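Take a look at the structure below.
The model shown is predicted, which means the values in this text are computed figures rather than measured ones.
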Amino acid sequence: MLTLVTFLPLLACVGLALAPRSVPDRVCARVWAGTAAADLALVVGLWVGFDPHGGMQYQQNHPWIPAAGVGYHVGVDGLSLPLVAMTCLLFLATALYSLRETRRVRSYVCLFLFLQTVSVGLFVALDLILFFVFFDLSLVGMFFVIAGWGHGGRARAAALTFFLYTFTGSLALLLGFIGLSLAATPHTFDLLELVRGNPLAGQGLYAGLVLLALGVGLAVKTPTVPFHTWLPPAHTEAPAAGSAILAGVLLKMGAYGFVRIAMPLLPGSWRRYALVFVIVGTVSVVYGALVALAQTDFKRMIAYTSVTHMGYILLAVGAAGVLAGTDAQARSLAVTGAVVQMVSHGLLTGALFLLTGVLHDRGGTYAMDAYSGLSSHAPRFAAATGVAAFAGLGIPGFSGFIAEFQILTGSLASQAVATTCALTGLLITAALFLRALRHMFLGPSRLPAAAPATGFRDLVPSEAAATVPLLGAALVIGVAPRFLLDVVEPASRTVTQLVAR
Amino acid sequence: MNENLAALLPETILLGAAVVGLLAGSLLPRRRQWAVAVLAAAACLAGLAATAWTMATGREQTVFAHTFAVDAATGLGRLAVLGGLLLLVAMATRTVRSHARESEFYVLLLMSGAGTLVLAGANDLLLLFAGFLLAGVPAYALAAFAKDGRGTEAALKYYLLGALLGTLMLAGTAVLYGAGGSTLYSDLRTTLPHASPALVAVGSLAVLAGVLFKAGAVPAHFWVPDATDGALAPVAAHVTTLTKVGGLIGAYRLAHQVLWGTALDWPGLFALLAALSMSLGNLAAFFQTSVQRLLAYSTIGQVGYLLVAFPVAARTGLAQQSLLFYLLAYTVTNLGAFAAVTALPHARTLEDYRGLARHRPALAAVLVVCLLGLVGTPPTGVFLGKLEVFQAAVEGGYTWLAALAVANTVASLFYYLRWLAPLFRPAPHEQPSAAHRTAGRGPVATACAAATASLLLGLAGGTLLPLTTGPLLR
C-alpha cells in the first residue's frame, strides 16, 4: 500500500516520458493533477485505517542489499503520516497551479512527479540508506527544476549553490549513517533495529561525532543559521511551484530527520548536546526574522521567514532533549508542536509561494516597492495573501498558532531564556508581514512598469483552486486540531521516551 | 599440477577470436569487414557465458603451477572486462565502419582485453608482466588508430610512459626474484618477510609502478589526459576503464598476497596514493572544456576512490567486496558516458552540448544518469560501490580517508554539473546544431543500455554482492 502511494507518481512519470510526442501539453498537466489527486485519496485511505496507538503501521520490509545490511523497509507512524498527507496535498495544489505552465510542460511534469515519489518515499523510509537515496534524489530533482525553469540568468548559479550546499550536507549525513550502522552488530541500516539496539549508547566521543555529522547534514537541509545561505537565492530564482515544493516539502526533510533519526538513534548524545540545538534554533528564529525584516523582495522575505519557522522546530526538538527541570508531558508537547509546525509551515508557505508566483506572473517582479493598492485591482488575490500572511505570523485560528503555542509552552519550562528570545521572533514576523501587506495592498494604486496595460488580473480559478484548499487545511487544523493531534501525540510520546532512555 | 585449460576459457576465446578475426579481416572485402565485429561480440558473449558457468558451478582453482588464479576477483574482473568489451564493440561500430583497418581495430581490442584479464588473474610476477605487455601494446596501437596528429601524440605519450614503467616493472620483478627466490606470489609471501627490507621496498615499488600505470593512478597518471583526449572515444573508454579493472585487481592481488606480509607500511602508502589520486584528479578536472579531457581527469579521481579499499584490505572483508563491486559499477557507468560521447562525434567541448536535452533527450538522460552516477548519486551502481568503500574505510580505521573522499565527491560534483547544466539550457539555434548529429543508432543504443545497467546495478546490487566475497586463491 505504502509502496503504491510512493511509486504511483513515478509510474505516471515513466508513462508520460514514454508517451508519444503527439500527446499535448495540456494532457500532461492534467495527468499530473489526476495522479496527485489519486495519491492524496490513497493517503486519506491510509489515514482512515490508521490506529494512532498502533506504533509503526503499513510496514513492508524486503531485503534489498542484504550483504550491506540494507533493506527496503517502509512504514508510517504518527510522525510521518501527517507529513505524507501534507506532501500529497501540496503536490496536488502545485499541480493545479501548474495547469497554466507553458514552458516544456512534459519534462516539467515528469520532474515534479519524480519529486513527489522521492518526497513521499523519504517520509515513509525506515531504512537509513533508503532515506538517503530519497534525500539525495530530491536534490537532483530540485536542481533541474531551478536550473531549467528558474527566472533568469542567475537561476543556474542559484541551482548550483543549492546543489553543492545540500549535497555536502547529504554526504555528511551518509558518513553519519555509516558510523551508525558500523556500531551495530550485525551491521544494519534498518532504523527500527537500530532504535531497538541503541548501539551507540555509552560511546561518548564516537556518538558525538556521528551526531555532528547527522546534525550538519540535516541542518543544511532544514536550514538553520549558519547553513541557510543557499536558501534565499534558490527561492528567489526558482519558479513558484518549485519554491512551494522546496519550502513546503524539502525543508521538512531536514527537520523530520532530526525527529525520526537523530533523536531516537542517539539519545545519549542528543541529551548531552541538546543545548546546542536550542541555541541554534533560537538564533535561527531571531536572525531569520531580522533579516526578513530588511528585505525589499517579497519572495526573499518569505524565504527568510522559513528560516524563522524552521528555527522553532529546532528549538522544540532541542528542548525535548533536556531532562532537567521539565516533565515528560512538556517534552512531548514540544515534539508534537514541532511536527505540527512542519505540517503548518508546509501548507502556509506553500500557499504563500504560489501566491508570489501569481504576483510575478502579473507584474514581472517581486519588489514590494513596485506594487501599491493591489486590493482594489485584485480583491481575491489580496484576501488570499492576507489570510496566508496572518496565518503565517501565528494568529489564533490557524495551524501556525497551534504549532507555535505548543512549541513555546513545551520549551518554556526548561529553556525560559531561549523561549523568551524566540518570542521576539514572533513579534518581528508579525511586523514584517503587516508592513508588507500595507505596502502592497493598501494605499494609492500603483503597478510596475512591466505590468500589462489591462491591469492586474485577479486570481483565476486554477490558481484559487491551488491556494485556497491549502489555507482551508490550515484553518481546519487551527480550529479543530484534534484529528491531527490524536495522531501525532502518541508518536511524540514515544520519541520523548526514546530520548529519555 | 593443475593444467586445466577450461579454467582459462574466457582468455582463450578472446585470443582465438583475435587470431581468426585477423585472418578473416585480410580475406574479407572492406564492406564486409563488419563480420569481424560480430565475431568479437560473439567472443565476448561466449566468454561471459564461460565466466558465468565457472562462477555458478564454483570452479575456483589455481592453474598452471598456481600462476593464475580463477577466484571471485578474477570472476568479477572477467564480468567487467568482457561486458565492457561488448559495450565497446557495440559503440565503436559506427566510428570504424568501412575504415581501412576496421578488422584490425577489433582484433587489437580483443587482444588488449585478453591482456587485461591476465593482469586480473595473475598470481605470478612474470605472468603479471606478460599481462602488462599484452594489455598495453595493442592499446598503444589503438591510441593512434585515427592516424591524426592528436592520436599520434596520444599514442606516443602513452607508449613512452608505458615503456618506461614497463621496464621499471621488469626490473622490480628481477629484484624481487633476487630477494625472494621466486616470482610466484605464494612463495614470495613466505620468503619476502625474511629478505632485506630495502630490496623488497625497491622491487615492490617498481612492480607497483607498472600496475598503477595501467590503473592510471597518481603518480603514473600523466598519460591519461593526453591519451584520452587524443584517441578515438571508444579507445579512450578502453584505456581509461577496462585496463583500470585489470590494473587494480592485479594491484590488489599483489598487495593482499605479497606486500601485506612484509614489514613496510603499505597501507599508509596506498592511503597516500588514494588521497593524491582523488584530489589531483578532481582538482585538475575543474576547468576543463573538452569533454574527453574532463572524463580523463574524472577517471583519475575515480581511481582514488577505488584505492581507498586498499589500505583496509587486511582489516575488513568489506574491502575486497567494495573494490570489486565499485569496479563493476564504474566500468558500466563510465562506458555509458563514453558511449554518449561516441554517439556525438562532432561535440568535443562542453559548450557543444548546449541544448542537447531538447534535440536528443535519450542521450541527455544517459548523461544525467552516468555523470550523476559517477558522482555517486543513488540509486546508481557507483553509489552502492562508494557506500561500500566508505563503510570499509570507516570500519578499517581510515575515517579521515573516507572524509577526504566525501569532500572530493562534493568537489567533483562541480565539474560534472558544468557538463550537465548546458544540456538543459536553451540551444543557441532552434534547429539541431551540427554538434548534435549522432553517429548512428548503435552508439545511442549502447549508451542507453549502459545507463540502464548502471541503474540496475544500484537497484539490484544485492544479488551481485555475494559474488564478490570469495577468498583470493594462492
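- For the pair A/I65 and B/G461, the tightest heavy-atom approach, listed with the atom from each and the gap, is CG2-C, 4.4 Å.
- Side-chain contact between B/L387 and A/F177 is absent, with no heavy atoms from C-beta onward closer than 4.5 Å.
- Considering CG of A/L182 and CG of B/L318, their distance stands at 7.5 Å, rounded to 0.5 Å.
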(request) Go through the steps to decide whether B/F383 and A/F132 satisfy the test ring-ring contact (aromatic ring centres under 6.0 Å, His included), and finish with yes or no. (result) CA-CA 11 Å; B/F383 162 69; A/F132 178 80; 5.5 Å; yes
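- We find the CZ-CG distance between A/F167 and B/L372 to be 8.0 Å, quoted to the nearest 0.5 Å.
- Between chain A and the residues B/L464, B/V406, B/L465, B/T463, the largest count of heavy-atom pairs under 4.5 Å involves B/V406.
- Heavy atoms closer than 4.5 Å to chain B are found nowhere in A/Y165, neither backbone nor side chain.
- Heavy atoms of A/A147 lying under 4.5 Å from chain B are absent altogether.
- Counting heavy atoms from C-beta outward, B/P378 and A/I129 have side chains that stay 4.5 Å or more apart.
- Proximity to chain B (any heavy atom under 4.5 Å) is shown, for A/L139, by neither the backbone nor the side chain.
- Both the backbone and the side chain of B/E395 come within less than 4.5 Å of a heavy atom in chain A.
- Closest of all the heavy-atom pairs between A/A68 and B/E388 is CB-OE2, 3.1 Å.
- Heavy-atom contacts from other residues, nucleotides or ligands closer than 6.0 Å to CZ of A/R103 number more than 12.
- B/A402 and A/L175 make their closest contact through CB-CD2, 4.2 Å (heavy atoms, listed as atom of the first residue, atom of the second, distance).
- Contacts of A/S170 with chain B are absent, with no heavy-atom separation under 4.5 Å from either backbone or side chain.
- From B/L420, atom CG reaches atom CZ of A/F163 across 8.5 Å, with rounding to the nearest 0.5 Å.
- Among B/V394, B/V375, B/L417, the residue with the largest count of heavy-atom pairs under 4.5 Å with chain A is B/L417.
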